[in-house]
**Student:** 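To start, I am sharing the structure in question, which I have written as structure tokens.
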Amino acid sequence: VQVTLWGVRGSIPTPDADKLRYGGNTACVSVGIDDDIDVILDAGTGIRRLGERLVGSTKPVHILITHLHLDHIMGMLFFRPFFDPARPITVWGPAGAFRPLRQRLARYLSQPLSPIDIRELPARVIFREVGAEPFMIGGATVRAERIIHRGPTLGYRIEQDGRCLCYLPDHEPGLGVDLERTPAEWVSGLALAHGAHMLIHDAQYTDREYAENTTGWGHSRLGDALIFARRAESEQVVLFHHDPAHDDESLDCLSDEAAARWAQSGGEGARIGLGVEGRTIEV
Ligand SMILES: [Zn+2]
Ligand SMILES: [Zn+2]
């Protein structure tokens, strides 16, 4: 299964010269589970470039949205397959307390925030709320679970032919608990992630930033991302949702720190690294 990172930045796009090496587009990941289906995780600004690649095909598209924060849906209107009447597109997302998914997305895809309305998208789009039961996309089994973030947020686990990817881009499992000692069944997202060959996980903040200002903002400090990844026993860990204030140089430092702490805590058996926009990785 091939996974391509189209956007790895968190919160807001950063098209700054000193942030282009890791990339400025917000969350979007494509998953090559099947030659006949396009599967996409989140619709941040990274989905624009991916959409250009998909023009001219009539394959069904499945977009799995983790939650409706802008950085995860901002690219929707610029995803070209939405403008192709021949394209069947299914948008999956979390259920909300009051309104259906389509209506909640329409708050962004409507006047005055958008020049066109969600009803006007030419593609054959359906919106589906993800329930507790696993479901199939092509030959892959998809499971989702509510995880700790701000607002209703899902993590996804996709399994095909014995290979497994878990995607938890916005996640604060260490909020209010000692992540090292909390029993596994009480750790947000851990059952979903356990044993995944590849884990894509939030590591937005340094430990210091987290301690000083950002506890409770819905994201992980590096230390918690590392503990979570070790307890999940993944073969490969991609740290994700880079803070908009972190330039390439500071991300290089974070990457070195992650590798050193990972080795120290006995994680040598697994690869760990920061997500880089444009990179394709084999699960
Ligand atoms: Zn986000
Ligand atoms: Zn978020």
Side-chain angles (χ1 to χ4, degrees), residues 3-16 19 22-31 40-50 63-79 91-97 99 101 104-105 107-109 113 129-130 144-157 165-176 188-189 192-193 199-206 209-210 213-222 224-225 228-229 237-246 251 254 274-277:
V3 171
T4 302
L5 309 175
W6 298 91
V8 298
R9 189 66 59 172
S11 310
I12 192 166
T14 58
D16 315 345
K19 300 191 177 95
Y22 284 89
N25 280 299
T26 65
C28 180
V29 172
S30 63
V31 188
I40 302 167
L41 293 160
D42 277 330
T45 61
I47 203 172
R48 180 185 55 83
R49 211 145 62 91
L50 168 57
I63 304 177
L64 304 168
I65 305 276
T66 54
H67 63 307
L68 275 62
H69 286 163
L70 265 186
D71 54 322
H72 297 255
I73 61 169
M74 208 185 276
M76 278 186 88
L77 194 60
F78 303 91
F79 182 59
V91 178
W92 300 85
R99 292 171 209 281
L101 177 65
R104 281 176 289 135
L105 283 166
R107 291 176 70 182
Y108 168 53
L109 293 170
L113 297 180
E129 293 181 2
V130 177
E145 218 173 74
R146 286 283 183 103
I147 56 171
I148 294 181
H149 185 51
R150 297 189 71 91
T153 301
L154 298 174
Y156 287 102
R157 180 184 177 103
L165 163 73
C166 185
Y167 177 69
L168 306 171
D170 294 46
H171 189 206
E172 190 177 9
L175 181 63
S188 163
L192 191 72
L199 169 67
I200 299 178
H201 197 278
D202 189 335
Q204 179 152 352
Y205 303 122
T206 64
E209 287 165 337
Y210 189 82
N213 327 297
T214 64
T215 302
W217 288 19
H219 298 287
S220 289
R221 57 178 153 194
L222 177 64
D224 283 346
F228 184 90
V237 183
V238 177
L239 301 172
F240 197 81
H241 209 274
H242 308 321
D243 191 84
H246 292 171
L251 289 175
L254 200 68
L274 264 58
V276 178
E277 184 177 318

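One-based numbering, in listed order, for ligands and for the atoms of each.
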**Student:** Which heavy-atom pair separates Gly93 from Leu101 by the least distance, and what is that distance?
**Tutor:** N-CD2, 3.5 Å

**Student:** Going by chain and residue number, what protein N/O/S atoms come nearer than 2.8 Å to the Zn ion (ligand 1)?
**Tutor:** Asp71 OD2, His72 NE2, Asp170 OD2, His241 NE2

**Student:** Flag yes if more than 12 heavy atoms outside Arg49 fall under 6.0 Å of its CZ atom; otherwise flag no.
**Tutor:** no

**Student:** Quick one: list whatever passes salt bridge (Lys or Arg N to Asp or Glu O under 4.0 Å) with Glu209, sequence neighbours left out.
**Tutor:** none

**Student:** Tell me every residue that passes salt bridge (Lys or Arg N to Asp or Glu O under 4.0 Å) with Arg221, counting only those two or more places apart in sequence or in another chain.
**Tutor:** Asp224

**Student:** Apply ring pair (Phe, Tyr, Trp, His ring centres under 6.0 Å) to His171 and list each qualifying residue two or more places apart in sequence or on a separate chain.
**Tutor:** His201, Phe228

**Student:** Is it the case that the ring center of His149 lies less than 6.0 angstrom away from the ring center of His241?
**Tutor:** no

